[in-house]
Structure formats: structure tokens, C-alpha cells
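Since the structure is predicted, the reported quantities are computational estimates derived from the model, not experimental observations. Hydrogens, waters and symmetry mates play no part in the numbers below; they use all other heavy atoms, side chains included.
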Amino acid sequence: GRNKIKKYKLYTQMTDISSISRRYFVIGFFDGVLTIMGMVSGAHLSGEVSREIILSAGIATSLALGISSGWGAYEAERVEQRLMALEKKRALLKLDGEECLIEEAHMFATKVSSLVHAIAPIPAGIIPLIPYIFLPENLAFMLALAIGFLLLFIVGVALGNVSKENVLKSGARLVLAGIVTLVVVTILSPAHY
């Protein structure tokens with residue numbers, strides 16, 4: 001138990017996994033919220049709104065986005081972490097015992113960052129769908145969008161806090177991304193044609 005925690009702490013320091021995972025979490029969460037906001041907006045614009053379809057499609061979309069994000073991150077990180085491990089091994093001139101530790105550390109970073117990226121879009125996509133369980137579709141739609149904007153704002157504030165920037169501006173930037181997404185979805189919706 002204790003030795004594994006020590007080992008994982010060392011791996012974390014060796015690979016900068018905290019910042020990598022934070023990036024993947026934000027990207028995945030952002031994608032999850034915006035995808036679901038776009039999906040529910042498209043459904044409402046089409047006029048074919050049904051609680052069952054929105055919940056079913058929304059959950060399936062969130063899961064698919066999680067699988068896609070995790071798999072894509074794993075493949076990308078596997079290559080990047082391998083290159084970083086090779087660089088470190090060259091720099092250490094393969095000192096005894098270090099080679100295995102370096103490879104393990106970078107494989108650990110690959111798995112953790114991929115898992116974070118896989119999980120992040122799932123709650124991000126499902127949380128805005130909750131109003132559809134309890135409320136009529138039109139009211140649920142308004143609340144789903146409000147929740148989506150709130151989630152984007154919270155993630156923006158957290159990023160602003162980490163980067164020591166103005167948290168309100170940082171939150172507002174992510175909300176703006178949500179607004180732009182909805183405007184684009186509304187303008188390009190096939191319901192207009």
C-alpha cells in the first residue's frame with residue numbers, strides 16, 4: 001500500500017502527470033458539455049423533442065465521447081510519453097535500474113491521463129440532461145442550457161484559479177464558447193431548410 005503510493009508520487013513528479021491530466025480533464029469536460037448543449041439545442045430546433053430520445057441519445061453520446069476521448073488520448077499519450085521516456089533514458093545514459101522505472105512512470109502517466117480524458121466528458125454530458133428526467137421538455141431545455149453554462153463557468157473559474165488569472169474572465173471565456181456553439185448550431189440547424 002504505502003510503497004505503491006510512494007511509487008505513484010515519484011511517477012507523478014517524473015512525468016508532470018498533474019498538468020497533463022488537468023488539460024485532458026478540461027478538454028474532455030468542455031467537449032462533453034458543449035456536445036450535449038449542441039445536441040439538445042438541435043433536438044429542440046428540429047421540433048422533434050421527446051424526453052426519452054434526448055436522454056437516450058444524450059447518455060449514448062456522452063459515453064461515446066468518453067470512449068473516443070480516452071482511446072484517442074491513450075494513443076496520443078502513449079507516443080508522447082514513450083518519446084519523453086526515451087529522452088530521459090538517453091540523458092541518464094541508462095544508469096542501472098533507472099530504465100525500467102522511467103518506462104513504468106511514463107506508462108503510468110499514459111494510463112492516468114487517458115482515464116481522466118475518458119471519464120471527464122461523461123458527467124459533463126449527463127449532468128445537463130438531469131432536468132429531462134423531472135421536467136417538461138421546454139422547461140428542461142432551458143434548465144439544461146443553464147446547467148451547461150454554469151458547468152462551463154465553474155471549469156473556467158477553476159482554470160483561472162490554477163493559472164492565477166482573473167477567475168471571472170476565465171469563467172466568462174468558457175461561457176462564451178458555449179454561446180458561440182449554440183449560435184452556430186442554431187444558424188446551421190437543418191430545421192431552417
[X] side chain near [Y] side chain, heavy-atom distance below 4.5 Å:
X: Tyr11; Y: Val112; value: no
X: Leu151; Y: Ile147; value: yes
X: Leu174; Y: Phe153; value: no
X: Thr110; Y: Tyr74; value: yes

Count I, L, V, M, F, W, Y as connected when their side-chain heavy atoms are under 4.5 Å apart, and connections chain through other members. Are [X] and [Y] then in the same cluster?
X: Trp71; Y: Ile20; value: no
X: Ile154; Y: Ile127; value: no
X: Ile17; Y: Leu86; value: no
X: Leu152; Y: Val180; value: yes
X: Leu65; Y: Ile59; value: no

Worksheet entry | Test side-chain contact (heavy atoms from CB on, under 4.5 Å) applied to Phe29 and Ile119, Val116, Val155, Ile122, the passing residue |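 It is Val155, the one option of Ile119, Val116, Val155, Ile122 that forms the side-chain contact (heavy atoms from CB on, under 4.5 Å) with Phe29.
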
Side chains of residues 32-42: which donor-acceptor partners sit under 3.5 Å, not counting sequence neighbours?
| unit_1 | atom_1 | unit_2 | atom_2 | d |
| --- | --- | --- | --- | --- |
| Thr35 | OG1 | Asp31 | O | 2.6 |
| Ser41 | OG | Met37 | O | 2.8 |

Item to complete: Look at Arg82 together with Glu77 and state whether they make a salt bridge at an N to O cut-off of under 4.0 Å.
Response: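 No, no charged N to carboxylate O under 4.0 Å.
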
Practice prompt. Determine, step by step, whether Glu137 and Tyr132 satisfy the side-chain hydrogen bond (donor to acceptor under 3.5 Å, both in side chains) criterion, reporting the C-alpha distance in whole Å, the side-chain angles of both residues, the deciding distance to 0.1 Å, and the verdict.
Written response: CA-CA 6 Å; Glu137 284 86 351; Tyr132 285 96; over 6 Å; no

Worksheet entry | Connected-component partners of Leu83 among ILVMFWY, side-chain separation under 4.5 Å |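 When side chains under 4.5 Å apart are linked, the cluster holding Leu83 also contains Val79.
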
To check you understand the geometry: which heavy-atom pair defines the closest contact between [X] and [Y], and what is its length?
X: Val49; Y: Ile54; result: CG1-CD1, 3.6 Å
X: Ser113; Y: Ser21; result: CA-OG, 3.8 Å
X: Ser170; Y: Gly156; result: OG-O, 2.6 Å
X: Phe149; Y: Gly178; result: CE2-C, 3.6 Å
X: Ser114; Y: Ala73; result: OG-C, 3.6 Å
X: Ala118; Y: Gly70; result: CB-CA, 3.5 Å

[X] side-chain N/O to [Y] backbone N/O, donor-acceptor pair under 3.5 Å:
X: Arg51; Y: Leu135; answer: yes
X: Ser68; Y: Ala64; answer: no
X: Ser163; Y: Leu159; answer: yes
X: His117; Y: Tyr24; answer: yes

Reported [atom1]-to-[atom2] distance for the pair [X] and [Y], which is rounded to 0.5 angstrom:
X: Leu139; Y: Leu143; atom1: CG; atom2: CG; answer: 6.5 Å
X: Ser69; Y: Leu115; atom1: OG; atom2: CG; answer: 12.0 Å
X: Thr61; Y: Leu129; atom1: OG1; atom2: CG; answer: 8.5 Å
X: Thr12; Y: Met14; atom1: OG1; atom2: CE; answer: 10.5 Å
X: Thr15; Y: Glu104; atom1: OG1; atom2: CD; answer: 12.5 Å
X: Asn161; Y: Asn166; atom1: CG; atom2: CG; answer: 11.0 Å

Item to complete: Check the pair Glu165 / Arg173 against side chain to side chain contact (heavy atoms under 4.5 Å, CB included), numbers first and verdict last.
Response: CA-CA 12 Å; Glu165 294 177 323; Arg173 268 200 310 275; 3.4 Å; yes

Worksheet item: Between Phe108 and Tyr8, how do the two ring planes meet: parallel, tilted or perpendicular, split at 30° and 60°?
Response: parallel

